[in-house]
Amino acid sequence: MTEEAIHTSNFITQIIDDDLANHKYETIVTRFPPEPNGYLHIGHAKSICLNFGIARDYNGLCNLRFDDTNPSKEEVEYVESIKKDVNWLGFSWNGEPKYSSNYFDKLYGYAIELIQKGLAYVDELTPDEIREYRGTLTSPGKNSPYRDRTVDENLALFEKMKNGEFEEGKACLRAKIDMASSFICMRDPVIYRIKFASHHQTGDKWCIYPMYDFTHCISDALEGITHSICTLEFQDNRRLYDWVLEHITIEHHPHQYEFSRLNLEYAITSKRKLNTLVKEHIVDGWDDPRMTTISGLRRRGYTPAAIREFCRRIGVTKQDNTVEFSALESCVREDLNEHAERRMAVLNPLRLVIDNYPEGQVEQLEATNHPLKPELGTRKVPFTRELFIEAEDFRKEANKKFKRLTLDKEVRLRYGYIVKAESCEEDADGNITCVHCTYIPESLGQDVEGHKPKGVIHWVSATESKKAEVRLYERLFKVSNPGAAEDFLATINENSLKIIDNAYIEPALAEAAPSQAFQFERTGYFCLDSKYSTDDKKVFNLTVALKEDSQKAAE
RNA sequence: UGCCCUGUAGCCAAAUGGUAAGGCAUGGGAUUUUGAUUCCCACAUGUGCGAGUUCGAUCCUCGCCAGGGCAGCCA
């Protein structure tokens, strides 16, 4: 998966192909325009891959533009996280990051132009009245009594708005379009409102801020965007996008195209709801490994390549869709299977004593780091008389499908010897506390005539291994579509985080580097937790479990 | 009961007038010192429904049905 498809085709790239063939454009320019009011999530990754991917595939440009027209919801923390996430996903934007707020002066000028053309007016209806006058989905609206003010009057009033001479909500600037339009966003949309809020980029320079519909199209035009790609809910807004650009004096007129946003099972792709989880401390921040935010996926151990591949596989259309979570997991497994070195770790230790192995002896067995990549080398794994194996890898007795250790039967210890379970000890409650076995000295690295182990299990030396914390995760929600629930907080899976504080890792894992992925053999893929892991106490996150043979459940 | 958009397999998604790609999932089988990986095989007489145009329709036309979006001084 190192080489991604150079050109993935979808209805938008088909339009671009046509535009290029017709010489409508020579260079394709796109943009990714997040509002810095939250962290990016997997849904944004789809848009990022689309916009930056097009720029890459067509040798074009993609701007990163913060759509920061609402200072009361936005923060610099978010702009920083967004830059980091876009870069981490493997993309770089054209030039410096842009901000809609860069264009506030020009936007103000275009508002004046509209007023001068008699196409905008200062309305003094209250917000409630504006809503009443707007009409409904099935009935037309009616004109505001302030709609026919003179140009001069509007100019003076808009100036007063800018100078802070109106209170918030007492006046706003509206485009004069059509109160009877079947597109509600064309019923004299508000294009400027008063907000006495300081802005993270412009400070207290302004007390009036332009609305999205007025800002976005002009920002696109000013940046020379050719294809302005957004999600389906903006389809109606396209009429207003075009109206604004047709009625002001501006060089470019980009075209807007809409695609369907990603819905992922068992995940939430609403910044507002994600924010609730963070603010209510239901999760451990925006980067909680259970979150499908970019930062959460990163901390969980997902790779940029896996996320990009996922976005490639799901495609881009206008159809509503809900992608199964397994589609995402398949992408990380594919990447990690190829790139993650293999290690052994025991999460639920059961003592295994090899009665015929010399006490005190430590043998350094050689283990390959990757079964299909000898170039990744080998490492030493200490083998001793007492080991830990997974408790679930031993049963006193079991049916034929059980491919692990049972009394009087043999298994191979991965990279080591064949052992035969002879007896086990139990506590007062009947829990198995220790298994005694014998090993076959000549079985190291080779089969032995007459011995057919039932399977291969992983292990760790009881005396040479290190203790570690391992965090296992399940889906954050109990239902496949938490976003549709009346109260999505009620669908939280209380068991989504399981902390194992007495896991044992082979010595080589104590050297694990942050952001290095490992496969704990027969268990899953893991990485160090960037937040809680320390030199003294390693903490590993489960990225994704290995697939399990369905026969395993039938044993 | 207005306008806009969308209906191809369990989930994504190609093909856009020439007779239904691919991926995920699922079920079988082979290989395997990871029940992983890898490799084979199976998986839509069918494109929401009904008409029409055509030699031929998933594709064009009309009607119907279903789903989504739109009534923030949010984006």
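Letters go in sequence order (proteins before strands), and every chain restarts at 1.
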message = Checking A/R379 against A/N369: is there a side-chain donor and acceptor pair closer than 3.5 Å?
response = yes

message = Considering every strand and a 4.0 Å limit on heavy-atom distances, what is the contact class for A/I191: base, sugar-phosphate, or nothing?
response = nothing

inquiry  = Under 4.0 Å from OP1 or OP2 of B/A25: is there any side-chain N or O of A/S326 that close?
reply    = no

query = RNA chain B: A/N237 or A/R131, which has the more 5' nearest nucleotide?
reply = A/R131

query = Base, sugar-phosphate alone, or nothing: which one does A/F234 contact when heavy atoms must sit under 4.0 Å apart?
reply = base

message = With a sphere of 6.0 Å drawn around CG of A/D447, does it hold more than 12 non-hydrogen atoms of other residues, nucleotides or ligands?
response = no

inquiry  = Need one value for A/Y209: base, sugar-phosphate or nothing, where a base atom within 4.0 Å counts as base even if backbone is also close, heavy atoms only.
reply    = nothing

message = Strictly below 4.0 Å: does A/R313 bring a side-chain N or O up to OP1 or OP2 of B/A13?
response = no

key: For atom CG of A/D549 and atom P of B/A36, their distance in whole Å   = 5 Å

query = Is there a Watson-Crick or G-U wobble partner for B/C73 with both distances under 3.5 Å, and if so, which one is it?
reply = none

ask   = Do we get A/R475 above A/Y266's six-membered ring, with its NZ or CZ under 6.0 Å from the centre and within 45° of the axis?
value = yes

remark   = A/R414 atom CZ is separated from B/U32 atom P, nearest whole Å, by 14 Å

key: Nucleotide opposite B/A42 in a Watson-Crick or G-U pair, distances under 3.5 Å   = B/U26

key: Contact under 4.0 Å: A/T69 side-chain N or O vs B/A75 OP1/OP2   = yes

ask   = In the strands shown, is B/C60 matched to any nucleotide by a Watson-Crick or G-U wobble pair with both distances under 3.5 Å, and which?
value = B/G52

inquiry  = On the six-membered ring of A/Y209, is A/K195 placed so that its NZ or CZ lies under 6.0 angstrom from the centre and within 45° of the ring axis?
reply    = no

query = Which glycosidic conformation, syn or anti, is assigned to B/G46 if syn requires a torsion within 90° of zero?
reply = syn

remark   = A/L264 atom CG is separated from B/C24 atom P, nearest whole Å, by 16 Å

ask   = With a 4.0 Å cut-off on heavy atoms, is A/T322 in touch with a base, just the backbone sugar-phosphate, or nothing at all?
value = sugar-phosphate

query = Can you tell me the Watson-Crick or wobble partner of B/G7, both distances under 3.5 angstrom?
reply = B/C65

query = How would you label the contact of A/Q519 with the nucleic acid (heavy atoms, under 4.0 Å): base, sugar-phosphate, or nothing?
reply = base

inquiry  = Using OP1 and OP2 only, check whether a side-chain N or O of A/R134 sits under 4.0 Å from B/C73.
reply    = yes

ask   = What form does the base of B/G27 take, syn (within 90° of 0) or anti?
value = anti

message = So A/Y212, base contact, sugar-phosphate only, or nothing? Heavy-atom distance under 4.0 Å.
response = base

request  = Mind checking A/Q14 for me? I need base, sugar-phosphate or nothing, with any heavy atom below 4.0 Å counting as a touch.
outcome  = sugar-phosphate

ask   = Under a 4.0 Å N-O cut-off, is there an ion pair linking A/D220 with A/R65?
value = yes

ask   = Which part of the nucleic acid, if any, lies within reach of A/K552 when heavy atoms closer than 4.0 Å are counted: base, sugar-phosphate only, or nothing?
value = base

message = I want to check one thing: is the phosphate of B/G7, taken as OP1 and OP2, less than 4.0 Å away from some side-chain N or O of A/Q319?
response = yes

key: Under 4.0 angstrom between A/R193 side-chain N/O and B/A75 OP1 or OP2   = yes

request  = May I ask you to establish whether A/K98 and A/F66 are in a cation-pi arrangement, using a distance under 6.0 Å from NZ or CZ to the six-membered ring centre and at most 45° from the ring axis?
outcome  = no

query = When all nucleic acid strands are considered with a 4.0 Å heavy-atom cut-off, which category describes A/S72: base, sugar-phosphate, or nothing?
reply = nothing

inquiry  = Taking any heavy-atom pair under 4.0 Å as a contact, classify A/R412: base, sugar-phosphate, or nothing.
reply    = base

ask   = Do A/R31 and A/H216 get their side chains close enough for a donor-acceptor pair, meaning under 3.5 Å?
value = yes

query = Contact class for A/E521 (heavy atom, under 4.0 Å): base, sugar-phosphate, or nothing?
reply = base

request  = Mind checking A/R239 for me? I need base, sugar-phosphate or nothing, with any heavy atom below 4.0 Å counting as a touch.
outcome  = sugar-phosphate

message = So, does A/K401 get its side chain near the phosphate of B/G35, meaning an N or O under 4.0 Å from OP1 or OP2?
response = no

query = Heavy atoms under 4.0 Å, any strand shown: does A/D236 hit a base, just sugar-phosphate, or nothing?
reply = base

ask   = Tell me: CD1 of A/I457 to C1' of B/A36, nearest whole Å?
value = 16 Å

inquiry  = Let's test this: given Watson-Crick or G-U wobble pairing with both distances under 3.5 Å, identify the partner of B/U16.
reply    = none

query = Where each residue is assigned the nucleotide of RNA chain B containing its nearest heavy atom, which of A/S260 and A/P127 is assigned the position nearer the 5′ end?
reply = A/S260

request  = Indicate, with a heavy-atom threshold strictly under 4.0 Å, whether A/G445 touches base, sugar-phosphate, or nothing.
outcome  = base

request  = Say whether A/E363 and A/Y357, considering side chains only, have a donor N or O and an acceptor N or O under 3.5 Å apart.
outcome  = yes

ask   = In whole Å, what is the span from the CG atom of A/N337 to the P atom of B/U38?
value = 6 Å

